[in-house]
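Written out below as structure tokens is the structure these notes cover.
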Amino acid sequence: MLDEALIAVAASGGTALVQAAGTDAWTGLRQAVAGWFGRGDAQRERAELERLDQTADSVQAADAGEVKRVRDRQEVVWQTRIETVLENLDTAQREQAAEELRSLLAQHAPQAGVSAGQGGLAANTVDIRADRGSIARGVINGGAQIGHPPLPDPPQG
């Protein structure tokens, strides 16, 4: 059984692979991960390259309604494959393999980021709250007013 840190690196690997599919980062990450799985065995490395290509093909071929499901499934598949490799190593080899995987992910995986335009708010997590009659928004285009709304005109009848 793997500890939390090793499960986390396996999950990171699965996520990185799926996120990289079809991007500029794919070629380098694909080759590095196949080498990690192959561990010097050229035949096994070629087999991993084929599996990786199947993953990229399935992610790219998914239609808009299925892409999330396909991505999620592929992330789990690759996380499980990484966990299996790590579980089959002795403790010293496991730590070394995990460190190698962390290193190659840092080097080849696409880096997530956020950005916003003029007057925008960019963040990974935002918690905005309004309290006691105040207002709160991530981005306010135009003016904002705090106070009581005007009373409606009396009914005409």
Side-chain angles (χ1 to χ4, degrees), residues 1-131 134-141 144:
M1 175 144 251
L2 298 177
D3 64 26
E4 286 182 35
L6 293 174
I7 292 170
V9 76
S12 295
T15 299
L17 283 167
V18 173
Q19 287 178 349
T23 70
D24 293 340
W26 176 247
T27 303
L29 182 60
R30 171 188 171 269
Q31 191 65 47
V33 168
W36 184 85
F37 274 101
R39 308 206 98 28
D41 182 334
Q43 184 176 356
R44 195 161 69 180
E45 187 172 331
R46 279 191 301 277
E48 294 304 328
L49 287 169
E50 288 178 21
R51 284 186 184 100
L52 288 161
D53 289 341
Q54 290 171 358
T55 292
D57 290 346
S58 69
V59 169
Q60 291 174 324
D63 64 39
E66 290 189 355
V67 72
K68 180 172 178 4
R69 183 187 60 77
V70 170
R71 286 179 167 277
D72 290 348
R73 182 176 176 272
Q74 289 298 322
E75 285 181 19
V76 170
V77 165
W78 284 101
Q79 176 181 349
T80 303
R81 295 197 81 239
I82 294 167
E83 287 176 359
T84 300
V85 168
L86 294 172
E87 286 172 346
N88 289 318
L89 299 172
D90 67 37
T91 304
Q93 291 173 324
R94 184 178 300 146
E95 291 303 322
Q96 180 181 354
E99 188 53 42
E100 289 169 3
L101 183 59
R102 284 184 197 99
S103 178
L104 76 85
L105 291 174
Q107 183 178 1
H108 296 286
Q111 301 300 314
V114 294
S115 64
Q118 181 76 19
L121 172 69
N124 288 325
T125 303
V126 176
D127 184 15
I128 300 173
R129 298 170 191 233
D131 190 8
S134 64
I135 61 171
R137 271 187 78 169
V139 177
I140 299 175
N141 294 315

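- You'll find the side chain of Phe37 reaches within 4.5 Å of the side chain of Ile82, heavy atoms only.
- For Arg39, the side-chain hydrogen bond (donor to acceptor under 3.5 Å, both in side chains) partners two or more places apart in sequence, or in a different chain, are Glu100.
- Considering only heavy atoms from C-beta on, Leu49 comes within 4.5 Å of Gln31 through its side chain.
- Counting heavy atoms of neighbouring residues, nucleotides and ligands inside a 6.0 Å radius, atom CZ of Arg73 does not exceed 12 of them.
- The shortest heavy-atom contact between Ala97 and Leu89 is CB-CD1, 3.6 Å.
- Residues Asn88 and Thr84 meet the side-chain proximity criterion, which asks for heavy atoms closer than 4.5 Å.
- Rounded to the nearest 0.5 Å, atoms OG1 (Thr27) and NE2 (His108) are 11.0 Å apart.
- Going from atom CG of Leu86 over to atom CD of Gln96 covers 11.5 Å, rounded to the nearest 0.5 Å.
- For the side chain to side chain contact (heavy atoms under 4.5 Å, CB included) test with Leu17, the passing option among Thr55, Val59, Leu105, Val33 is Val33; the others fail.
- With sequence neighbours left out, Arg102 forms a salt bridge (Lys or Arg N to Asp or Glu O under 4.0 Å) with Glu99.
- Nearest approach of Ala62 to Val70, heavy atoms of both residues: CB-CG2, 3.8 Å.
- Put simply, CD on Glu50 and CG on Asp57 are 11.5 Å apart, with the number rounded to the nearest 0.5 Å.
- For residues 9-27, there are no salt bridge (charged side-chain N to carboxylate O under 4.0 Å, His left out) pairs, not counting sequence neighbours.
- Gln79 has its side chain within reach of Ile7: a pair of non-hydrogen atoms, C-beta onward, lies under 4.5 Å apart.
- In this structure, the separation between CZ on Arg30 and CD on Glu48 is 11.5 Å, given to the nearest 0.5 Å.
- Remark: Leu29 CG to Leu52 CG distance equals 8.0 Å, nearest 0.5 Å.
- The shortest distance between side-chain heavy atoms of Glu83 and Leu6 does not fall below 4.5 Å.
- Summarising the geometry of Ala56 relative to Ala21, their closest heavy-atom pair is CA-CB, 3.9 Å, with the distance given to 0.1 Å.
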